[in-house]
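Let me begin by presenting the structure, written as structure tokens, before commenting on it.
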Amino acid sequence: MSNLMLMRAPQKYVQGKDALLKFHDEMESLGHSWLFICSRSGYAATHDKIEQSFAGSDDRRRYEVFGGTSSVGEIERFRAIVAEEKIDVVVGVGGGSAIDTAKATAHYEGRPVAVVPTVVATDAPCTGLSVIYNDDGSFNSYLFYPKNPEAVLVDSAVIAQAPVSFLVAGMGDALGTYFEARACDRTHALSLEFGGITRSALALCRLCYETLREYGPMAIAACEQHVVTPELDAVIEANTYLSGVGADNGGLAVAHSFYNGLTALGGHEAPHGCCVAFGTLVQLLLERAPRAEFEEVQGFCRSVGLPVTLAELGVTTHEEVRTIAEAACVEGESIHNMAGDVTPDELFDAIVLADALGRA
Ligand SMILES: [Zn+2]
């Protein structure tokens with residue numbers, strides 16, 4: 001029997017300027033006692049608006065400021081709070097780490113989870129999985145859930161106030177989505193939800209790429225001025241919903257394995273999405289994509305400030321490239337979804353070539 005097609009997504013997605021003022025209205029069906037797991041900046045950006053949304057309600061709210069990575073120890077700490085305080089709903093507020101920690105906490109405690117991204121730098125908000133890291137920051141594993149978050153709410157005004165570098169990184173994560181899904185579709189590989197890839201998923205992935213190209217530069221201009229425009233809203237949706245739901249149901253390939261490989265260097269500073277953008281260029285070389293397509297993607301990266309060279313990722317030696325290539329090809333990595341598979345040697349060559357073409 002061939003793979004059954006599968007499509008999953010958050011139950012509810014809300015986005016717009018000052019959407020947080022409607023937080024309670026939009027979420028009240030989920031429960032009456034709330035644990036907000038917040039990054040430090042996420043707390044500052046959202047607390048007052050969330051509290052305003054609860055005006056006149058006697059729901060219990062507990063805010064925890066969280067400064068760590070989505071590690072096993074942090075998840076244990078929040079599970080204890082949920083159990084002791086009989087929390088109904090876990091809310092992740094911030095970037096990927098706070099969101100992944102909230103999703104894992106809610107999953108283990110059997111509670112619904114709502115997600116409030118305060119930066120749109122990764123696919124974390126809408127996906128049905130968390131990325132778990134070791135305490136040294138290296139990639140540990142993906143943790144898969146039986147469902148996607150109950151709700152995702154993005155306040156575009158909050159995103160417009162966040163540093164533009166997060167928006168750019170999110171565009172990098174979103175850039176990989178179409179090309180990785182296309183590679184998985186070619187080999188009938190499974191999506192991140194272990195289902196066959198639907199036409200619906202591929203359509204979202206394609207729209208994601210088109211939206212980035214059409215609105216990316218104008219979205220950056222808006223974010224730099226801290227104003228919400230239709231172009232910024234389009235890219236917020238691309239980074240959050242189209243990219244997240246697209247990747248979840250479309251699958252990953254070289255671009256994300258390249259990122260996971262890079263975490264093996266330890267102490268790397270480059271944002272996830274910037275690595276995924278460069279990894280997308282590497283993937284296009286590995287799959288012998290038409291030169292025009294490679295140049296279109298590379299040109300897009302240049303136009304929005306995504307990296308096209310290794311130096312921009314802080315990678316300077318061939319020895320480091322060797323480490324990345326070996327780690328990116330370990331068993332279970334999404335790079336093995338590629339047609340004809342990829343060896344560490346082939347990946348090494350493609351990384352070096354992508355860098356040379358970026359420096360040219
Ligand atoms: Zn990603």
Side-chain angles (χ1 to χ4, degrees), residues 8-10 69-70 92 94-101 103-104 115 117 119-133 137-145 148-149 152 154 165-184 189 191-193 201 204-205 208-209 211-212 235-264 268-284 297 300-301 304 306-307 313 324 327-328 332-335 337-338:
R8 289 180 27 173
T69 53
S70 47
S97 296
I99 292 167
D100 278 344
T101 303
K103 287 200 286 192
V115 176
V119 294
V120 288
T122 71
D123 284 341
C126 290
T127 57
L129 61 99
S130 287
V131 186
I132 304 300
Y133 293 95
S138 60
F139 173 75
N140 177 306
S141 58
Y142 295 113
L143 175 59
F144 296 96
Y145 307 124
N148 292 49
V152 176
V154 194
S165 59
F166 289 109
L167 184 76
V168 171
M171 291 167 72
D173 204 14
L175 179 63
T177 306
Y178 168 61
F179 299 100
E180 292 185 283
R182 184 177 75 178
C184 290
S191 73
L192 276 175
E193 300 300 349
L204 293 184
C205 294
C208 184
Y209 179 50
T211 303
L212 295 179
V235 170
I236 291 171
E237 184 186 343
N239 285 12
T240 310
Y241 193 90
L242 296 174
S243 180
V245 176
D248 221 20
N249 296 285
L252 301 179
V254 174
H256 273 77
S257 288
F258 173 80
Y259 166 76
N260 290 340
L262 204 139
T263 68
H268 70 99
E269 303 274 316
H272 171 79
C274 293
C275 303
V276 171
F278 186 82
T280 302
L281 295 170
V282 173
Q283 177 174 323
L284 290 169
V297 176
F300 170 77
C301 289
V304 297
L306 283 166
L313 298 174
I324 294 169
E333 267 298 338
S334 56
I335 197 168
N337 288 335
M338 294 290 287

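Nothing fancy with the numbering, it's 1 onward along the sequence. Both counts, for ligands and for their atoms, begin at 1 and track the order of listing. Computed from a predicted structure; not experimentally measured.
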Around Phe166, counting heavy atoms of other residues, nucleotides and ligands shown, do more than 12 lie under 6.0 Å from its CZ?
no
Is it the case that Asp248 and Thr127 place a side-chain donor and acceptor less than 3.5 Å from each other?
no
Atom pair SG (Cys275) and CG (Asp173), whose distance is rounded to the nearest 0.5 Å
10.0 Å
In chain order, what residues pass the side chain to side chain contact (heavy atoms under 4.5 Å, CB included) check against Ala201, with sequence neighbours excluded?
Met7, Ile197, Thr198, Asn249
Sequence neighbours excluded, which residues qualify as side chain to side chain contact (heavy atoms under 4.5 Å, CB included) partners of Ser97?
Phe66
Protein N, O or S atoms at less than 2.8 Å from the Zn ion (ligand 1), how many?
4
Side chain to side chain donor-acceptor pair (under 3.5 Å) filter on Tyr178, not counting sequence neighbours, yields none
